[in-house]
Visitor: 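Sending over a structure as structure tokens; questions will come in a sec.
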Amino acid sequence: MPRKRRFLTLGIETSCDETACAVLENDANLLSSVVASSLDLHKQFGGVVPEIASRHCLEYIRPVYDQALKEAGVLTEDIDLIGVTYGPGLVGSLLVGLTFAKALSYTLDIPFVGVNHLEGHLYANFIRNTVGAVPYVGLIVSGGHTSIVYSKNNAFTLIGETRDDAVGEAFDKVAKMLNLGYPGGPIIEKKARFGDPRRIKFTCATLPGSLDFSFSGIKTAVLYYIRKLKNVECEVPDICAAFQDSVVRVIVDKIITAARERKVTTIVVGGGVSANQYLRDRLTEVAAEEGITVLFPMINEAIDNGAMIARCAYSMYQRGKRSLYTLSADPSLSF
Ligand code: KG4
Ligand code: ZN
């Protein structure tokens, strides 16, 4: 019997400080995923420096692409489709991936599909799953976004978002106040494991009646609390635990409310902050009481990667989507 022809999608992600390429076979067989991060170059500045990020993307796109093909055991001419992030993100970084994708698409005479990075984060959950088009509410929690969307038949409706800082940004800023380094999320999570979340009370805005978020208030509350301390060091675990607990409670409450309002029984989570185990545990626990299933991406696929872009592009392509060479990078792309 002749072997069924496999369909290979190359995913390219360069929206911020990562340069990532992945090769996906058909809809759910990941052959390779390579990520080069410029994180170490930004650490001394306490945040991502756009110019450094884009220069790093430019330097690494070719070697990362070569490595992804090598690890997948495929050749350039085996690729059938290219998926590439075209927004939101830093314009310089986005342009590197998008230009590379267009050039490759033109040279190989194969289609390319521009992918919304935020949708990509949700599709990280489907890299190893073939899921039906069930309606769900999606939660994107990253360094640049905190959004709730309703998804039905692969279309997305934005139903809640942050009015100020993104949740990952709040983690990063609190970590900076405590001199814990960058990125703050993983460090705060680690410190919080040794702290008491109830000893200090930081209130995170709940914005009753809305699915929107606000994290700037709790960030300021942490700052004022730290300023009053003589010895910050010994309070770090409790501060981290209280901050994380307060933020996670609001996120869990909002996404469960969204699921109830939209009468869905599936929640799909994505974005860097979805790597947080405290969030995973609390959301899974509360959702179970409501009879709701929660999907989280694998930890290494929660942060920016090419596999989620390949998976999203494959799905879009199956639905007839193709991008034109006139597609521009869109730094403020939303849903
Ligand atoms: O999705 P991502 O890699 O990049 C953006 O699209 O923004 O997310 C990066 C963000 C950073 O703010 C980082 O501090 C946060 O995700 N993050 C975490 C954890 N791991 C990464 N936040 C909380 N807990 C974590 N374990
Ligand atoms: Zn991201």
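All ligand and atom numbering here is 1-based and tracks the order in the structure. Note: hydrogens, waters and symmetry copies are ignored here, and every other heavy atom, side chains too, is used.
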Visitor: Just which atoms of ligand 1 are under 4.0 Å from any heavy atom in Gly168?
Guide: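 What qualifies from ligand 1 is 12 (O).
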Visitor: Contact between ligand 1 and Cys16 is defined here as a heavy atom of the residue under 4.0 Å from a ligand atom; is it met?
Guide: no
Visitor: Among all protein non-hydrogen atoms, which one is nearest to atom 6 (O) of ligand 1, and what is the separation to 0.1 Å?
Guide: His117 NE2, 3.3 Å
Visitor: Nearest protein heavy atom to atom 26 (N) of ligand 1, by residue and atom, and its distance?
Guide: Glu189 OE1, 2.7 Å
Visitor: Identify, for atom 24 (N) of ligand 1, the protein heavy atom at the shortest distance, and state residue, atom and that distance.
Guide: Asn276 ND2, 3.0 Å
Visitor: Of all the atoms in ligand 1, which lie at a distance below 4.0 Å from a heavy atom belonging to Gly143?
Guide: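 Answer, ordered by atom number: 5 (C), 7 (O), 8 (O), 9 (C), 10 (C), 12 (O).
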Visitor: Does some side-chain heavy atom of Val84 sit less than 4.5 Å from a side-chain heavy atom of Phe100?
Guide: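 SC-SC contact between Phe100 and Val84 ruled out.
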Visitor: Show the atoms of ligand 1 that are less than 4.0 angstrom away from any heavy atom in Gly144.
Guide: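 Within the 4.0 Å cut-off of Gly144, ligand 1 contributes 7 (O).
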Visitor: In the protein, which heavy atom is nearest to atom 18 (C) of ligand 1, and how far is it?
Guide: Gly185 CA, 3.5 Å
Visitor: I want to confirm something. Looking only at heavy atoms, which of Asp172, Asn305, Leu279, Ile188 is nearest to atom 14 (O) of ligand 1?
Guide: Asp172
Visitor: Do Phe243 and Phe171 make the cut of ring centroids closer than 6.0 angstrom?
Guide: yes
Visitor: Determine whether Pro183 and Leu39 make a side-chain contact, defined as any pair of heavy atoms from C-beta on separated by less than 4.5 Å.
Guide: yes
Visitor: Using the benzene-type ring in the case of Trp, are the ring centres of Tyr317 and Tyr314 under 6.0 Å apart?
Guide: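 That pair fails the under 6.0 Å test.
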Visitor: Any side-chain heavy atom of Leu122 within less than 4.5 Å of one from Met308?
Guide: no
Visitor: Check each heavy atom of His145 against ligand 1 and say whether those closer than 4.0 Å belong to the side chain, the backbone, both or neither.
Guide: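 Near ligand 1, His145 shows nothing, with every heavy atom at 4.0 Å or more.
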Visitor: Examine ligand 1 and decide if any of its atoms is less than 4.0 Å from a heavy atom belonging to His121.
Guide: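 His121 counts as a contact of ligand 1 under the 4.0 Å cut-off.
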Visitor: Could you tell me the residue and atom name of the protein heavy atom closest to atom 1 (O) of ligand 1, and the distance to it rounded to 0.1 Å?
Guide: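 Of the protein heavy atoms, Gly272 N, 2.9 Å lies nearest.
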